[in-house]
Amino acid sequence: QAQLVESGGGLVQAGGSLRLSCAASGRTFSSYAMGWFRQAPGKERDFVAAIDWGGSGTYYANSVKGRFTISRDNAKNTLYLQMNSLKLEDTAVYYCAAARYGSIRFRGDDYDNWGQGTQVTVSS
């Protein structure tokens with residue numbers, strides 16, 4: 001059974017940094033694109049960032065471009081999201097997901113494995 005487990009969330013002050021990790025198992029995740037999504041209270045789930053199967057291609061939502069960096073270590077089956085210069089509006093539950101394809105995807109429907117989420121709270 002494919003499984004994704006996020007970690008690294010927490011409470012941080014505005015302007016601070018956090019690094020999220022997503023440990024993957026039960027599937028050859030190195031063959032597939034992966035992504036990060038987030039959902040704030042009362043809002044829809046939004047795309048944050050995606051990376052292709054090899055890690056050479058990345059894509060970001062405009063709201064996080066220049067502040068967040070997505071990366072992966074296929075030898076460790078782990079996906080990362082480095083978040084810098086955090087803002088109050090970054091507060092959300094962050095989910096990692098594995099796509100059905102190797103190329104970058106930014107629609108939730110293109111992903112078929114999801115983690116349980118990790119809470120990120122940015123305070124003033």
Side-chain angles (χ1 to χ4, degrees):
Q1 187 73 16
Q3 187 176 20
L4 299 173
V5 179
E6 302 96 336
S7 61
L11 176 64
V12 63
Q13 285 191 323
S17 298
L18 279 177
R19 188 193 197 200
L20 304 184
S21 298
C22 173
S25 62
R27 175 180 166 185
T28 309
F29 287 100
S30 58
S31 298
Y32 301 93
M34 296 192 72
W36 289 97
F37 292 77
R38 67 186 181 186
Q39 188 167 20
K43 296 187 176 181
E44 294 186 349
R45 183 182 61 198
D46 288 332
F47 168 80
V48 174
I51 188 167
D52 67 9
W53 69 274
S56 60
T58 57
Y59 187 82
Y60 298 92
N62 287 336
S63 58
V64 306
K65 199 174 296 182
R67 300 187 297 121
F68 291 12
T69 302
I70 187 172
S71 61
R72 67 192 297 167
D73 186 337
N74 285 340
K76 296 181 178 179
N77 279 340
T78 304
L79 176 72
Y80 303 99
L81 185 68
Q82 177 67 44
M83 305 186 294
N84 299 328
S85 302
L86 283 161
K87 304 176 181 180
L88 296 179
E89 53 264 41
D90 294 320
T91 294
V93 177
Y94 283 72
Y95 299 90
C96 73
R100 299 186 181 92
Y101 315 97
S103 57
I104 288 176
R105 304 285 166 163
F106 54 88
R107 295 190 319 132
D109 289 347
D110 290 331
Y111 290 79
D112 57 359
N113 280 119
W114 293 83
Q116 83 289 349
T118 186
Q119 176 71 47
V120 172
T121 303
V122 183
S123 65
S124 59

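Because only heavy atoms are used, hydrogens play no part in the values below, and waters and symmetry mates are left out as well, while side chains stay in.
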TODO: Please round to the nearest 0.5 Å and tell me the distance separating atom NZ of Lys87 and atom OG of Ser124.
DONE: 15.0 Å
TODO: Indicate, with yes or no, if Ile51 and Tyr32 share a hydrophobic cluster defined by side-chain heavy-atom contacts under 4.5 Å among Ile, Leu, Val, Met, Phe, Trp and Tyr.
DONE: no
Open item on the list: For Leu18 versus Gly8, what's the shortest heavy-atom pair and its separation?
Closed with: CD2-O, 3.8 Å
Open item on the list: Between Arg38 and Val120, does the side-chain contact (heavy atoms from CB on, under 4.5 Å) criterion hold? Intermediate values first, please.
Closed with: CA-CA 9 Å; Arg38 67 186 181 186; Val120 172; over 6 Å; no
- [ ] Any chance you could lay out the ring pair (Phe, Tyr, Trp, His ring centres under 6.0 Å) test for Trp36 and Phe68, step after step, and finish with the verdict?
- [x] CA-CA 11 Å; Trp36 289 97; Phe68 291 12; 9.9 Å; no
Open item on the list: Taking the side chain as everything from C-beta on, heavy atoms only, tell me whether Arg67 gets closer than 4.5 Å to Met83.
Closed with: no
- [ ] Flag yes if Leu79 and Trp114 sit in one hydrophobic cluster, no otherwise; membership is Ile, Leu, Val, Met, Phe, Trp, Tyr, and two members link when side-chain heavy atoms are under 4.5 Å apart.
- [x] no
Task: Rounded distance (nearest 0.5 Å) linking atom CD of Gln82 with atom CD1 of Ile70 - done: 12.5 Å
Task: Nearest-0.5 Å distance, CD of residue Gln119 to CG of residue Leu11 - done: 9.5 Å
TODO: Check whether any side-chain heavy atom of Tyr95 lies under 4.5 Å from a side-chain heavy atom of Gln39, and answer yes or no.
DONE: yes
Task: Value rounded to 0.5 Å, distance of CD in Gln116 from OG in Ser7 - done: 9.0 Å
Task: Spacing of CG belonging to Asn77 relative to CD belonging to Gln3, to within rounding of 0.5 Å - done: 12.5 Å
Task: Option passing ring pair (Phe, Tyr, Trp, His ring centres under 6.0 Å) with Phe37 (candidates Tyr94, Phe106, Tyr111) - done: Tyr111
Task: For the student: nearest non-hydrogen atoms of Arg27 and Ala99, plus distance - done: NH2-O, 2.6 Å
Task: Straight-line distance of Arg72 CZ to Cys22 SG, nearest 0.5 Å - done: 10.0 Å
Task: Gln13 atom CD, over 12 foreign heavy atoms within 6.0 Å - done: no
Open item on the list: Are more than 12 heavy atoms, taken from residues, nucleotides or ligands other than Tyr59, located less than 6.0 Å from that residue's OH atom?
Closed with: no
Open item on the list: For a quick test of reading the model, state the closest non-hydrogen atom pair linking Asp90 to Ser85 and the distance between them.
Closed with: OD2-O, 4.4 Å
- [ ] Verify whether one side chain among Ser103 and Asp52 offers a donor that lies under 3.5 Å from an acceptor in the other.
- [x] no
TODO: Kindly say whether Trp53 contributes a backbone atom to a donor-acceptor pair with the side chain of Asn74 at under 3.5 angstrom?
DONE: yes
Open item on the list: Starting from Tyr60, can I reach Ile104 by hopping between I/L/V/M/F/W/Y residues whose side chains sit under 4.5 Å apart?
Closed with: no
TODO: Using the rule that two of Ile, Leu, Val, Met, Phe, Trp, Tyr join whenever any of their side-chain heavy atoms come within less than 4.5 Å, decide whether Val122 and Val48 are in one cluster.
DONE: yes
Open item on the list: Would you say Leu81 ends up clustered with Val12 if hydrophobic residues are merged whenever their side chains have heavy atoms under 4.5 Å apart, either directly or through other cluster members?
Closed with: yes
Task: Exam field: side chain Glu6 to backbone Cys96, donor-acceptor pair closer than 3.5 Å - done: yes
